[in-house]
There are 2 protein chains.
Amino acid sequence: MAATINDVARVAGVSISTVSYALSGKRPIGEKTRQRIESAILELQYQPNAGARALAGRRTYILAVTEPLRPDTYTPAHMAFVLAAATAARAYDYDVLLLTQDEATGGLHRVTSSRLVDGVIVLDVLAEDERAELVRSLDVPAALVGIPADTDGLVCVDLDFEAAARLAVDRLADGGHRVVGLLGHPPSVYARGSNFPLRFREAFVARAAERDLEVRLGAPERTIAGVREAVAEILGPDRDLTGLVMHCEDTIQMRALDVLCEAGLRVPQDVSVISAASTFDTSTFTPPLDVIPLIPAESCSRAVELTIAQITGTVDPRVELIPPTYVDRGSTAPRRP
Amino acid sequence: MAATINDVARVAGVSISTVSYALSGKRPIGEKTRQRIESAILELQYQPNAGARALAGRRTYILAVTEPLRPDTYTPAHMAFVLAAATAARAYDYDVLLLTQDEATGGLHRVTSSRLVDGVIVLDVLAEDERAELVRSLDVPAALVGIPADTDGLVCVDLDFEAAARLAVDRLADGGHRVVGLLGHPPSVYARGSNFPLRFREAFVARAAERDLEVRLGAPERTIAGVREAVAEILGPDRDLTGLVMHCEDTIQMRALDVLCEAGLRVPQDVSVISAASTFDTSTFTPPLDVIPLIPAESCSRAVELTIAQITGTVDPRVELIPPTYVDRGSTAPRRP
DNA sequence: CTGAAAGCGCTTACAG
DNA sequence: CTGAAAGCGCTTACAG
């Protein structure tokens, strides 16, 4: 059988409370005592029992991560967030319980009210997301990675997609480009109400209007044919488009580059291209693309931080937007006369 | 505060042991008593405390799922397995704790010896996998999805990749094809020691020899250029290849189809193509491909089943191979004279 | 700086 | 069919 705190106390010749305090560091321990306890722990390979710790300490050191992984979702990006959340949690000595699909709300309810988890990280947030409602009503420590329509009372973290869109538009406008395109996600993604594609697109259109640019929008299917069609449409019959922002999955972006190449359009000589809010590595593309990166580790570690802060204290509801950055890889150039 | 079993007992007018037994079903309860308990639970929105249940019952109803998600890994497929494992676990009222990367062995040790989990599901098993060693020495209920080199004392479940390879070869050989190719994974995947690509390739070569076929192997990089090169090589200078089996990621398969199309080769008239051990949907490809599917839900639910069987009783070590099936979508044809 | 003890909320023999 | 009670292995006031 596994060693208990009683075994450690006996071997070390101290009381179990001393062992417990030595472990938690919640009160000062004499140097010799500490050493005896440490060697006893080593000798017995003692690991505190998680259930007992949870029961007595009212903390499980587990966070629930809810990621619905809907059929239509683009797994690599979502997986990157799950992974980032798990990694961030471990940095705080928390483990991660994975809640998927149907378990979205039922599971959240179950694991919080049974005190299986101390807090919740909500990923892939929709504009109208029942998990947001639930988190609000449950009043459990939680952070959303993403911004629902109603953020009242919630703690949300996300890349500032609006700023990212403006950054991309400004880059092109500053380069003298007059006709710019946005190659976005498949139509189903927008239809689903996923919030960041919408936020990005709206800000893109708004900024382009401010900068007095002509805008063309595309929402291609993932197939080669779909991408080809959308790109052709964005380029326009006269091929007068000179600036392209891509806010979509890597396969679509790669295909779009293929299509530009086929059409004899060079990047950046003929078309300036920017990859926006991308979780993947655009430096291996042909050609490497300028990118406004979306870094899962950033938002997830902040979300974990804020959730744990709620567990140990109080945090005011807030929406934290992470400012975007621009990585230049030479895929944009001033418009040629 | 959340209601406890004491509250339920008081409201229902029974003892807490009766409530507990009513919940677990471990002893018969009078009809009226049961109803009073049920309505008390509903009224109080009672949820048993997970920590207390774990401590007293010596069961947490949590399984650890270890999936290293190495940098090189192909996320969608691996994510499909994580998802399948989580879904299968929920079907048995188990939750899933996700262990990633560095946590591979350290985390496994931690969560098992602290009794945080009742068992372990090991995904993405390498031929030489330290997690297999650990599971063996820990003697914890566990199942591996995949087959390590040394299966001694372990419970392993997987698609029968050797049989799948033979099935594919036989299909082509029976169709009169004499020169067949295997478009496999990127070189790094084989180098890593991931076991199923190796198992598949070896069985493919062996069966082709038995059937007296000429074999050409390709291990393309993921880029368009990489795929183009590998396909060209497999086709041969005389383009005498007429049968192609693809055992690789969907992007590579899609690109290979593009390359065949570019080369003016029709499927199946000029080349018969089979997608082998694929977790994705090949019916949306152009053209739709015959496939020997790899169904994560199958192996994962069996793995969960076998792990839970170990938790509640005893299971003999074993290697369970799931027989492959062939789905005909018209991408193969007899060789034309 | 350390210890004895109550208590966290369950499960499960033991008893009837 | 049901109840009283021990006990799971910790944490944390309370006391010194």
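Quick note: numbers below take in every heavy atom, side chains included, and nothing from hydrogens, waters or symmetry partners.
The heavy-atom pair separating B:I308 from B:Y92 by the smallest distance is CD1-CB, 3.2 Å. Listed here is the closest heavy atom pair of B:P68 and B:D124: CD-CB, 4.3 Å. Across B:I29 and B:T18, no two heavy atoms sit closer than the pair CD1-O, 3.9 Å.
Judged purely by atom type and a 3.5 angstrom limit, A:R302 has no side-chain atom pairing as donor or acceptor with the backbone of A:V145. No donor-acceptor pair under 3.5 Å is formed between the side chain of B:S20 and the backbone N or O of B:I16. Side-chain atoms of B:D118 come within 3.5 Å of backbone atoms of B:T60 as a donor-acceptor pair (strictly under, hydrogens ignored). When atom types are taken as modelled, the side chain of A:R131 and the backbone of A:D129 share no donor-acceptor pair closer than 3.5 angstrom. Side chain of B:N195 to backbone of B:I147: a donor-acceptor contact under 3.5 angstrom is found. Of the possible donor and acceptor atoms, one in the side chain of B:Q310 sits under 3.5 Å from a partner among the backbone N and O of B:A142.
Taking a 4.0 Å limit (strictly below) on heavy-atom distances, residues 6-27 of chain B reaches DNA chain D at B:V14, B:S15, B:S17, B:T18, B:R27. Residues of residues 36-56 of chain B that place a heavy atom closer than 4.0 Å to DNA chain D, in numerical order, are B:L55, B:A56.
Taking a pair as Watson-Crick or G-U with both hydrogen-bonding distances under 3.5 Å, the stems of three or more pairs touching DNA chain C are C:1-3 with D:14-16, C:5-12 with D:5-12, C:14-16 with D:1-3.
The number of heavy atoms from other shown groups lying within 6.0 Å of CZ (B:R36) is above 12.
Qualifying salt bridge (charged side-chain N to carboxylate O under 4.0 Å, His left out) partners for B:R59, counting only residues two or more places apart in sequence or in other chains: none.
Of all nucleotides in DNA chain D, those with any atom nearer than 4.0 Å to a heavy atom of chain B start and finish, going 5' to 3', at D:dC1 to D:dG9.
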Hey, can you pull the donor-acceptor pairs under 3.5 Å for the side chains in residues 153-161 of chain A, sequence neighbours left out?
| residue | atom | partner | partner atom | Å |
| --- | --- | --- | --- | --- |
| A:D158 | OD2 | A:R199 | NH1 | 3.1 |
| A:D160 | OD1 | A:E162 | N | 3.4 |
| A:D160 | OD1 | A:A163 | N | 3.0 |

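Remark on DNA chain D: of its neighbouring residues B:R34 and B:R58, the 5'-side contact belongs to B:R34, judged by nearest-heavy-atom nucleotide.
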